[in-house]
There are 2 protein chains.
Amino acid sequence: MAAKPRPSQRAVPVIGEDSRAGAEAARLDLGILEGHLGYFVRRLQVEIFQQLITALAPFNVRPAQFSVLVLIERNPGQPQAAIARSLNIERAALAKMLHELERRGWIQRLPSVDDGRSHALFLTGAGEDALTRIKALAQDHERRLERRLGARRYRELAALLKDFG
Amino acid sequence: MAAKPRPSQRAVPVIGEDSRAGAEAARLDLGILEGHLGYFVRRLQVEIFQQLITALAPFNVRPAQFSVLVLIERNPGQPQAAIARSLNIERAALAKMLHELERRGWIQRLPSVDDGRSHALFLTGAGEDALTRIKALAQDHERRLERRLGARRYRELAALLKDFG
DNA sequence: CGCGGATTGTTGTCAATGACAACATTTACA
DNA sequence: TGTAAATGTTGTCATTGACAACAATCCGCG
């Protein structure tokens, strides 16, 4: 059986193509993706995280680790399950992460006085020092993001998202 | 050497804790995370993707595959590199994804008439049929998202993000 | 008190993903 | 022409998320 008729490779003649050779590659038509909020949220999130990971690279800290450290600092003595619930991460994933943070000497787990099953989480002195510096790097990153988005868009986005959460 | 003095496990007496047993677990203080736009963008993105993956489960299609199909439909005959650039995914990752889509009989790759290195990408008839149904599922998902966010917040978020992109 | 169910922390596995490097082929340009 | 760049492909590596299973412990109820 013969192959189906080959569709024209010029059916859509590259709308808006820049005829100058060497120009930046033309962006394609996103079609229905333009109507999907998740597409844009995803792109923004990926860009923000890439830059944040770069910003935190001096301490070799991932965004998830950063958020865990912040929650322990602000909520000392809480058990792992409370941290995991508040950050929407699995207990299993948090347990592995905490092993690493403990290995670095940034946190300590003490047996809970209230509940024999749970561990009370605290930052160590070294953890507090490290987190202070890490938070400064994260703040720098946030300022860059604000400049990148424009102060007005940044402010409106933050208001919408916080109001929603 | 003695253990360092154990910090009080009641340093912060669980602000706003609900004294009723069995109530939903109290949310912890997010601290500086409240000032990081990326935290909220991430949470929204994860929620949207989880729901979208569920919505597309009948076709066993992932969001990335969906976006690739849409771009091929709207830009038939384009080479892989153009798709990859437009979606911010690696050529290597796209190549693997296209193998799977080709295996399902949804796309075909024809040798480009212009460039001996590249493949011109097209949907097959089956691919068009599948994508039509997949887009309908994605639209249902988008409507649910609009209800979840509230029509006004949805509209404002979409405007801000599109304007930015 | 004793028991069953729920919770906590842990370990292990599995699949999916992203980031890289390397490569052959082909094109573009100086 | 010859050198650099682009394209598609393969393979590897580390990371991640989602699950299941497990021991220890707590809770509620008879």
Side-chain angles (χ1 to χ4, degrees), chain A residues 20-26 42-43 45-47 49-50 53-54 56-57 60-65 67-68 72 77-103 107-121, chain B residues 20-26 42-43 45-47 49-50 52-54 56-57 60-68 72 77-103 107-121:
Chain A
R20 287 172 301 149
E24 311 78 31
R42 167 74 174 172
R43 286 190 77 125
Q45 186 262 318
V46 168
E47 177 179 332
F49 264 50
Q50 281 174 345
I53 291 170
T54 302
L56 301 186
N60 197 25
V61 168
R62 310 263 321 165
Q65 293 172 316
S67 64
V68 167
I72 296 177
Q78 288 292 320
Q80 298 180 191
I83 304 285
R85 266 193 304 268
S86 295
L87 289 177
N88 265 349
I89 53 185
E90 289 205 0
R91 278 176 305 139
L94 180 61
K96 292 161 188 166
M97 209 182 307
L98 291 177
H99 285 320
E100 171 62 18
L101 295 178
E102 197 172 27
R103 195 189 62 76
I107 66 163
Q108 61 180 156
R109 311 138 102 106
L110 301 180
S112 170
V113 295
D114 301 329
D115 189 330
R117 296 167 299 179
S118 57
H119 299 166
L121 299 175
Chain B
R20 288 172 301 150
E24 311 80 29
R42 168 73 175 173
R43 285 190 78 126
Q45 186 263 319
V46 168
E47 178 179 332
F49 264 51
Q50 281 175 347
L52 179 58
I53 291 170
T54 302
L56 301 186
N60 197 25
V61 168
R62 311 264 320 163
Q65 293 172 316
F66 170 62
S67 64
V68 167
I72 295 177
Q78 288 293 319
Q80 297 180 190
I83 304 285
R85 266 193 303 268
S86 294
L87 289 177
N88 264 348
I89 53 185
E90 289 205 2
R91 279 175 304 139
L94 180 61
K96 292 161 187 167
M97 208 182 309
L98 291 177
H99 285 319
E100 171 62 19
L101 296 177
E102 196 170 27
R103 194 190 63 76
I107 66 162
Q108 60 181 157
R109 311 139 101 105
L110 301 180
S112 170
V113 295
D114 300 331
D115 189 328
R117 296 168 298 181
S118 58
H119 298 167
L121 300 175

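Lettering of chains follows the sequences in order, A, B, ..., and the numbering in each one begins at 1. What's counted below: heavy atoms across the whole structure, side chains too, no hydrogens, waters or symmetry copies.
Taking every heavy atom of residues 90-102 of chain B and every atom of DNA chain D, pairs under 4.0 Å involve B/R91, B/A92, B/A95, B/K96, B/H99, by number.
Where A/R117 and A/R109 each meet DNA chain C at their nearest nucleotide, the meeting point lying more 5' is that of A/R117. Nucleotides of DNA chain D nearest to B/P79 and A/A64 differ in position, and the one nearer the 5' end is that of B/P79.
With a 4.5 Å cut-off on side-chain heavy atoms, A/H119 and A/L110 do not count as touching. Side-chain atoms of B/Q50 and B/T54, non-hydrogen and from C-beta on, never get closer than 4.5 Å to each other. Put simply, the side chain of B/R109 reaches to within 4.5 Å of the side chain of B/H99, judged on heavy atoms.
To the nearest angstrom, C1' of C/dT17 lies 12 Å from CD1 of B/I89. Atom CD1 of A/I83 and atom P of C/dT10 are 13 Å apart (whole Å). Distance, B/I107 CD1 to D/dG8 C1': 13 Å, rounded to whole Å. What separates CZ of A/R62 from P of D/dA14 is a distance of 14 Å, to the nearest Å. The separation between B/H119 atom NE2 and C/dA24 atom P is 17 Å, rounded to whole Å. To the nearest angstrom, P of D/dT25 lies 10 Å from CG of A/D115. Atom pair A/L110:CG and C/dG9:P shows a separation of 13 Å (rounding to whole Å applied). In this structure, CD of A/Q45 is placed 15 Å from P of C/dT17, rounded to the nearest angstrom.
For the pair B/Q65 (side chain) and B/R62 (backbone), a donor-acceptor distance under 3.5 Å is present. For the pair B/S86 (side chain) and B/I83 (backbone), a donor-acceptor distance under 3.5 Å is absent.
Contacts of A/E100 classified as salt bridge (charged side-chain N to carboxylate O under 4.0 Å, His left out), with partners at least two apart in sequence or in another chain: A/R103, A/R104.
Across all strands, B/Q50 comes closer than 4.0 Å only to sugar-phosphate atoms, never to a base (heavy-atom distances).
Contact record, B/L121 with B/Q80: CD1-CG, 3.9 Å, taken as the closest heavy-atom pair.
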